[in-house]
Amino acid sequence: MEEGVDEEVAVAGAQGDGPTMREVLSSFCTGVAVITAVEPDGRPTGMAVQSFSSVSLEPPLVCFCPAHTSTAWPRIRAAGRFAVNILSAEQQALCGQFAVTGEEKFQGVDWRPGANGAPLLDGALATIECELAGTFPGGDHTIALGRATALDRLPGAEPLLYFRCAYGRLRSSSSRSASIASARSRSEA
């Protein structure tokens, strides 16, 4: 074993211990999205997710991973189409509203129907409308694959980030621009 590695943590991690896995993976900073759909009776439904990713550019595919315990996922799956609303830094409270179980998630939420009918949340950093392309088993989650049918983004907005069980945001635009310029000059050297 490498020097400085805690044997208990290494063993627990190797066994897939749930709390250790959650703690370790919380070190991966993610954006936050709300997956939305319209139920057959016309009611909007949705849920907050961190487990969202692009899969392929050709064909245009994305995925997210709802827990088996999710009450919103069966309704989204039944709709067959959904929207991924990538949240902006100003939407932390909205994220909290969609992260809980309940029927009143859309109370006070401004949204408009997308081309596929799924709710597009006002102020979202970006939206991706999708047709459900498939589902696959993923342990205690389902891997949901969506084929993008429409895309939009809000220029100039900052993302809502999630890191080590807390929300955050990027540094100011001017310091980030300086960091990007510095990184580019080092890579060109």
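Everything quoted here is computed from the prediction, not taken from an experiment.
- We find the CG-CD distance between Leu154 and Glu90 to be 10.5 Å, quoted to the nearest 0.5 Å.
- Minimum interatomic distance between Ala72 and Lys105 (heavy atoms only, all atoms of both residues): CB-NZ, 4.2 Å.
- For the pair Arg147 and Pro59, the tightest heavy-atom approach, listed with the atom from each and the gap, is NE-CB, 4.4 Å.
- Under a hydrophobic clustering in which Ile, Leu, Val, Met, Phe, Trp and Tyr are joined whenever their side-chain heavy atoms come within less than 4.5 Å, directly or via other members, Leu151 and Leu120 fall into different clusters.
- Ala144 and Pro66 get closest at one heavy-atom pair: CB-CD, 4.4 Å.
- Side chain of Glu129 to main chain of Ala115: a donor-acceptor pair is present (N/O by atom type, distance under 3.5 Å, no hydrogens or angles).
- Ile76 approaches Gly46 most closely through the heavy-atom pair CD1-CA, 4.4 Å.
- Linking ILVMFWY side-chain heavy atoms closer than 4.5 Å, directly or via other members, places Val62 and Leu87 in two distinct hydrophobic clusters.
- With hydrogens and angles ignored, the 3.5 Å screen pairs no side-chain donor or acceptor of Asp140 with any backbone N or O of Ala67.
- Using a 4.5 Å cut-off between side-chain heavy atoms of Ile, Leu, Val, Met, Phe, Trp and Tyr, with links allowed through other members, Leu145 and Phe64 fall into different hydrophobic clusters.
- A distance-only check finds no donor-acceptor pair linking the side chain of Thr36 to the backbone of Ala118 [under 3.5 Å].
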After noting the C-alpha distance and the side-chain angles of Phe98 and Val109, does the key distance pass the side-chain contact (heavy atoms from CB on, under 4.5 Å) rule? CA-CA 10 Å; Phe98 280 89; Val109 175; 4.2 Å; yes
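- Note that the CG atom of Leu170 and the CD atom of Glu158 stand 5.0 Å from one another [nearest 0.5 Å].
- Residues Val32 and Val49 fall into different hydrophobic clusters, defined by Ile, Leu, Val, Met, Phe, Trp and Tyr side chains chained together at heavy-atom separations under 4.5 Å.
- Considering all non-hydrogen atoms of both residues, Cys95 and Ala48 come closest at O-CB, 3.9 Å.
- Checking side-chain atoms of Arg81 against main-chain N and O of Ala79 turns up a donor-acceptor pair under 3.5 Å.
- Here the closest heavy-atom approach between residue Ile143 and residue Cys63 is recorded as CG2-CB, 4.4 Å.
- In terms of hydrophobic clustering, with Ile, Leu, Val, Met, Phe, Trp and Tyr side chains grouped at heavy-atom distances under 4.5 Å, Trp111 and Leu125 are assigned to different clusters.
- Checked by atom type and distance alone, the side chain of Ser88 pairs as donor or acceptor with a backbone atom of Gly123 at under 3.5 Å.
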Mind running side-chain contact (heavy atoms from CB on, under 4.5 Å) on Leu160 and Tyr162 for me, showing each step along the way? CA-CA 7 Å; Leu160 178 61; Tyr162 196 71; over 6 Å; no
Residues Ile86, Ile128; criterion side-chain contact (heavy atoms from CB on, under 4.5 Å); working and verdict: CA-CA 8 Å; Ile86 299 173; Ile128 305 163; 4.2 Å; yes
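- Proximity of a side-chain donor or acceptor of Ser56 to a complementary backbone N or O of Glu58 within less than 3.5 Å is detected.
- The one candidate from Leu121, Ile35, Asp122 that meets the side-chain contact (heavy atoms from CB on, under 4.5 Å) condition with Asn85 is Leu121.
- Atoms SG and CZ, from Cys65 and Phe136 in turn, are 11.0 Å apart once rounded to the nearest 0.5 Å.
- Side-chain atoms of Gln91 and Gln97, non-hydrogen and from C-beta on, never get closer than 4.5 Å to each other.
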